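Residue numbers start from 1 in every chain, and the chains themselves are labelled A, B, ... in the order their sequence lines are given, proteins ahead of strands. Given the structure is predicted, the values throughout are model-derived calculations rather than measurements.
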There are 2 protein chains.
Amino acid sequence: MPSRHLKGLCFHPSKEARCVTCSLSSLCLPLSLNLEDIDQLDRIIKRRQPLKKGEYLFHQGDNFDCVYAVRSGSIKNYAMTNEGEEQITNFYLPSELVGLDGVDCDTYPVSAKALETTTVCEIPFSRLEELAVELPELRAQILRIMSKELRDDKQMMMLLSKKNAEERVATFLSNLSTRFKRRGYSPYTFRLPMSRNEIGNYLGLAVETVSRVFTRFQNNQLIAVNGKEVHILDMEQLGLLAGLVTQESSPRIASSS
Amino acid sequence: MPSRHLKGLCFHPSKEARCVTCSLSSLCLPLSLNLEDIDQLDRIIKRRQPLKKGEYLFHQGDNFDCVYAVRSGSIKNYAMTNEGEEQITNFYLPSELVGLDGVDCDTYPVSAKALETTTVCEIPFSRLEELAVELPELRAQILRIMSKELRDDKQMMMLLSKKNAEERVATFLSNLSTRFKRRGYSPYTFRLPMSRNEIGNYLGLAVETVSRVFTRFQNNQLIAVNGKEVHILDMEQLGLLAGLVTQESSPRIASSS
DNA sequence: CAATAAATTTGATCCATATCAGAGATACGA
DNA sequence: TCGTATCTCTGATATGGATCAAATTTATTG
């Protein structure tokens, strides 16, 4: 087992293999369940061996049977286009639920691949549905999570159809920062689990463009980047840039005075 | 908050105001419910006065309380960007459910506006949740609908980040055609409920580009257009174009010989 | 640790589509 | 019904980011 140093997203799975003791429960499915109900949920959840970087959680076309909560590490969802090009549709961080867009399908509509060593909780969907019959809070939470993903998707559509390259990257970084913060990590310093290529793919940009925007942001003291390590130096400016800003109302950043 | 949608306050009983007799029930929420259950659903649904073109079903920021099934006509969802620009996130046709992305919000995250004279069924969400406790099929159908919308959103993200103008418009027309067909209308001849501007906004293109692509498609005998009336002349070619096609594998349509 | 592969960065050029401008066509209110 | 606002279409021009090319840095492997 190549024990690569995963600072950041490591949750010591063995010790926290139950929802009651999991530090993520307040962000994840168990949210607003009482202890007894969490225990019931616990019983249908299977903990899997960690996935190594590049391993699949499921393939597009596999029989749909489970949804997965990321416990540590990160997952990308992607579909294959007709030409065999990959199109990343989402990245998932700890506590987030993967696979919900397959709920009414026989098969998963996208593939899910680990971006790094990743542990997940496997939740057989049929059992989850059964349990949800008895637990209104669980039901509500499932709806909430799906609804949230719907809204995030609309935001993404907005990004893709209205924002320029700088705004896209700024939005991406802000968004990651927020999510890391909610999970108890620094919103200012984190490690990108994905490559520049994957960022570009996700944001609808060429790798080269992502790279150039990173460089520009560094020149303007917005961020400091070292490989996959990112430091956000000017959160406010980054947030401003992330908003939908037209060229008129906010000139290209140039001299950050 | 000023009460904006006064129209909804008065209900009128009409012949087809019940799910059991509604021709859309097989596409809509009642799908796979038995007659008795449909009757229960019926009782929580309120039919509203038709909305006239341009009237709102709800505004971004209004208190979330209901989802809506379109009965006739069409609805657009849109959000306002920081600059007051509108970004259309979806169009809804009869039998489709509007408002699901607000489920875990206090307020609607987007506005919903009638594109033409439109009738809807108003479904108080809390009542729907109550009912869903007893009706597993209803529960399943709600999940299915949300899951479907998630997948459609991913498709849209793919369109916005990988397809060129022609592919976008072809996809849009094919998609509309399919939806009209499922609703019992001709897949070949239909009336666009939205303006070119709205199509462009939705597809992430300038109006002018939409217009030009329409013209090009006509020159190439793919479609015939008269104002908002569209005839699809070559469904196969349109479908091909709608797929994710790179320049290499499919040269620009030019001489349709 | 060297050797090689993969990822990232930078520069130069090109092109699809935005933007600007203006001419019909259509819808709409007085 | 006319007059005006709005939509749609077409052409000319500009440009943001893609693409191509290549150097450099960072991982991976034997």
S.K.: Send over the distance from A/Glu229 CD to D/dA27 C1', rounded to a whole Å.
M.R.: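 Nearest whole value for this atom pair: 15 Å.
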S.K.: Does any donor atom in the side chain of B/Lys163 or B/Thr171 lie under 3.5 Å from an acceptor atom in the other side chain?
M.R.: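 A pair is found: one side chain offers a donor N or O, the other an acceptor, under 3.5 Å apart.
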S.K.: Identify which nucleotide among C/dT8, D/dT8, C/dA16 has an atom closest to any side-chain atom of A/Lys228, counting heavy atoms from C-beta outward.
M.R.: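 Looking only at heavy atoms from C-beta outward on A/Lys228, the closest nucleotide is C/dT8.
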S.K.: What nucleotide, of D/dA21, C/dT19, D/dC9, holds the atom closest to the side chain of B/Ala206?
M.R.: C/dT19
S.K.: In whole Å, I'd like the distance from the CZ atom of B/Phe214 to the P atom of C/dA25.
M.R.: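 Atom-to-atom, B/Phe214 to C/dA25, this comes out as 19 Å.
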S.K.: If you check every side-chain atom of B/Thr215, which of D/dA21, D/dG17, D/dT10 has the closest atom?
M.R.: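 Side chain of B/Thr215 sits closest to D/dT10.
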S.K.: Scan side-chain atoms only and decide if A/Thr189 and A/His231 contain a donor-acceptor pair under the 3.5 Å cut-off.
M.R.: yes
S.K.: Quick one: A/Asn197 CG to D/dT26 C1', roughly how many Å, whole number?
M.R.: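 Rounded to the whole Å, the gap is 15 Å.
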S.K.: Taking atom types as they are modelled, is there a donor-acceptor pair under 3.5 Å from the base of D/dG11 to the side chain of B/Arg212?
M.R.: yes
S.K.: Whether B/Arg196 contacts D/dC9 is assessed here as follows: a side-chain N or O lying under 4.0 Å from the phosphate OP1 or OP2. Is that the case?
M.R.: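 B/Arg196 to D/dC9 OP1/OP2: side-chain N or O found under 4.0 Å.
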S.K.: How is B/Gly200 classified with respect to the nucleic acid when contacts are heavy atoms under 4.0 Å: base, sugar-phosphate, or nothing?
M.R.: nothing
S.K.: Could you please name the option among C/dC20, C/dT17, D/dT19 that lies closest to any side-chain atom of B/Thr209?
M.R.: C/dT17
S.K.: C/dA18 P sits how many Å from A/Lys162 NZ, rounded?
M.R.: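 Going from A/Lys162 (NZ) to C/dA18 (P), I get 10 Å.
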S.K.: On DNA chain D, does the nearest nucleotide to A/Asn226 precede the nearest nucleotide to A/Ala165 from the 5' side, or the other way round? Give the residue.
M.R.: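 The residue mapped nearer the 5' terminus is A/Ala165.
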S.K.: Can you confirm if the aromatic rings of B/Phe190 and B/Tyr185 lie within a centre distance of less than 6.0 Å?
M.R.: no
S.K.: Side chain of B/Asn164 only, please: which of D/dG11, D/dT8, C/dT17 is the nearest?
M.R.: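 Among the listed nucleotides, the one closest to the side chain of B/Asn164 is C/dT17.
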S.K.: Identify which nucleotide among D/dT10, C/dA18, D/dT8 has an atom closest to any side-chain atom of B/Ser195, counting heavy atoms from C-beta outward.
M.R.: D/dT8
S.K.: How many Å lie between CZ on A/Arg216 and P on C/dT9, as a whole number?
M.R.: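 Taking CZ of A/Arg216 and P of C/dT9, I get 13 Å after rounding.
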S.K.: May I have the distance from A/Leu192 (atom CG) to C/dA7 (atom P), rounded to whole angstrom?
M.R.: 15 Å
S.K.: Would you say A/Thr119 and A/Arg47 are linked by a side-chain donor-acceptor pair, where the criterion is simply a distance under 3.5 Å?
M.R.: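 Short answer, no.
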S.K.: Could you give the distance from CD (A/Gln60) to CE (A/Met80), rounded to the nearest 0.5 Å?
M.R.: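 Reported to 0.5 Å precision, the distance equals 8.0 Å.
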S.K.: Quickly work out the A/Lys163 NZ to D/dG16 P distance and round it to whole Å.
M.R.: 18 Å
S.K.: Out of C/dT8, D/dG11, C/dT10, which has the shortest distance to the side chain of B/Glu208?
M.R.: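 Minimum distance to the B/Glu208 side chain belongs to D/dG11.
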S.K.: Roughly how many Å is it from CD in B/Glu85 to C1' in C/dT19, rounded to a whole number?
M.R.: 13 Å
